Amino acid sequence: MPDPQCATEIVTIPCLTDNYAFALHLRDTGQTLIVDVPEAAPIIAECARRDWSITDVLLTHHHWDHVDGLPDLRAAVNGPLTVWGAAADSHRLPPLDRALAQGDVVQIGALRGTVLDVSGHTIGHIAVHFPQAGVVFTADSLMALGCGRLFEGTPEQMWDSLSKLAALPKDTLVCSGHEYTQSNARFALTLDPENAALRARAARIDAARAKGMPTVPSPLGLELDTNPFLRAGDPELKARLGLQGASDAECFAEIRRRKDHF
Ligand code: ZN
Ligand code: FE
């Protein structure tokens, strides 16, 4: 539940072609956390417009489209900047001030976030859940109606990572790293055409995209009902894929394989 004692504001910032960065602002201290830096200019402009000073950066994983804007951002920030990222990835991330592992806490003022190792897309990808703000930053692990491609991890690792995220409170807003939702919806409908919640969501996504509006973030409860990668444990979905008796991770692996060839 959002905590009224720790008032925050969150804004989604489109970057590059289809990336998202996020700004999480603490009203009482004025601190602002930026999550991922695909490029600096849109982030600097959005924070300047709101008169928010950037104090912290969280890097979710090492891919260039999540980190390459950091030097330009640092050059534009007056004052100290604390960079948080995965200890396991410190050899291929920009220099970190705070190196994080599963279970560690990201503390910014009174705001506390818990680190989840969500390896799969890469090994060392982290997500951070801020329960007081009701948000989780998932980048290329759990995405709106999708999940990241398995560049480094196994399907078992990604299923384990998604299972951690699926256990968070259902009203948590999932802040993921890309606007891939419309094509994810087309794929999801091929697996789950009878799912009324999915069909309704796909229609809303088409309407939002027609107006150029972002479909990220999305509530976790909606992902649990409609995202096929989170529904890999569903017996009906397994049956539809001809995978009766398969493990949840095996069903997840088959869904991921189909998506790779979609
Ligand atoms: Zn990535
Ligand atoms: Fe990415």
Side-chain angles (χ1 to χ4, degrees), residues 10-24 33-43 46 57-73 83-94 96 99-102 115-129 135-162 164-165 173-185 187-188 205 209 214-218 223 227 229-230 252-253 255-257 259-260 262:
I10 183 152
V11 52
T12 303
I13 306 172
C15 293
L16 304 174
T17 318
D18 55 34
N19 276 80
Y20 288 124
F22 299 90
L24 179 61
L33 168 70
I34 302 300
V35 180
D36 284 344
V37 195
E39 60 177 333
I43 296 170
E46 185 65 37
V57 169
L58 168 70
L59 302 173
T60 59
H61 67 296
H62 74 283
H63 283 160
W64 69 272
D65 62 313
H66 298 257
V67 305
D68 270 11
L70 184 61
D72 287 348
L73 187 75
V83 179
W84 309 73
D89 259 352
S90 53
H91 61 290
R92 55 184 182 176
L93 284 169
L96 300 176
L100 302 165
Q102 167 76 32
V115 175
L116 304 170
D117 180 328
V118 291
S119 289
H121 176 67
T122 63
I123 302 294
H125 193 311
I126 54 171
V128 183
H129 175 224
V135 296
V136 61
F137 296 102
T138 60
D140 297 356
S141 58
L142 175 61
M143 306 176 94
L145 277 180
C147 76
R149 249 175 212 268
L150 303 182
F151 288 117
E152 297 179 1
T154 63
E156 290 72 21
Q157 279 172 314
M158 185 60 118
W159 178 246
D160 184 52
S161 296
L162 294 181
K164 292 179 194 175
L165 295 165
L173 279 180
V174 178
C175 297
S176 53
H178 290 269
E179 184 58 62
Y180 293 160
T181 320
Q182 201 166 24
S183 65
N184 288 344
F187 171 71
I205 289 162
R209 294 310 296 154
T215 62
V216 172
S218 54
E223 296 301 332
N227 185 325
F229 296 97
L230 289 180
F252 169 79
I255 296 171
R256 188 60 257 179
R257 193 156 41 236
K259 179 67 164 65
D260 290 344
F262 180 66

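Quick note: numbers below take in every heavy atom, side chains included, and nothing from hydrogens, waters or symmetry partners. Remember, it's 1-based here, ligands and their atoms both numbered in the order they're listed. Everything numeric in this text was worked out from a predicted model, so none of it was measured.
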His61 atom NE2 and His121 atom NE2 as seen from the Zn ion (ligand 1), angle to 10 degrees: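 Result: 100°, to 10°.
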Enter the distance from [X]:[atom1] to [Y]:[atom2] here, rounded to the nearest 0.5 Å.
| X | Y | atom1 | atom2 | answer |
| --- | --- | --- | --- | --- |
| Ser176 | Leu142 | OG | CG | 7.0 Å |
| Ile13 | Ile43 | CD1 | CD1 | 5.5 Å |
| Glu152 | His61 | CD | NE2 | 9.0 Å |

The Fe ion (ligand 2) to His66: nearest N/O/S atom name: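 It is NE2, the N, O or S atom of His66 closest to the Fe ion (ligand 2).
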Name of whichever N/O/S atom of His178 is nearest to the Fe ion (ligand 2):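 It is NE2 of His178.
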OD2 (Asp65) to the Fe ion (ligand 2) to OD2 (Asp140) angle, given to the nearest 10 degrees: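 The two atoms form an angle at the metal of about 170°.
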Asp65 near the Zn ion (ligand 1) via N/O/S, less than 2.8 Å: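 Short answer: no, not a single N, O or S atom is under the cut-off.
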Residue His63 atom name (nearest to the Zn ion (ligand 1); N/O/S):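 Closest N, O or S atom of His63 to the Zn ion (ligand 1): ND1.
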Which N, O or S atom of Asp140 lies nearest to the Zn ion (ligand 1), by name: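 Going by distance to the Zn ion (ligand 1), the closest N, O or S atom in Asp140 is OD2.
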Donor-acceptor under 3.5 Å (Glu179 side chain, Thr215 main chain):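 Yes; judged by distance alone, with no hydrogens or angles, the pair exists.
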Donor-acceptor pair, side chain of His121 and main chain of Arg149, under 3.5 angstrom: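 Present.
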Ring geometry between His178 and His66 (parallel below 30°, tilted from 30 to 60°, perpendicular above 60°):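 Ring orientation, 0 to 90° scale: perpendicular.
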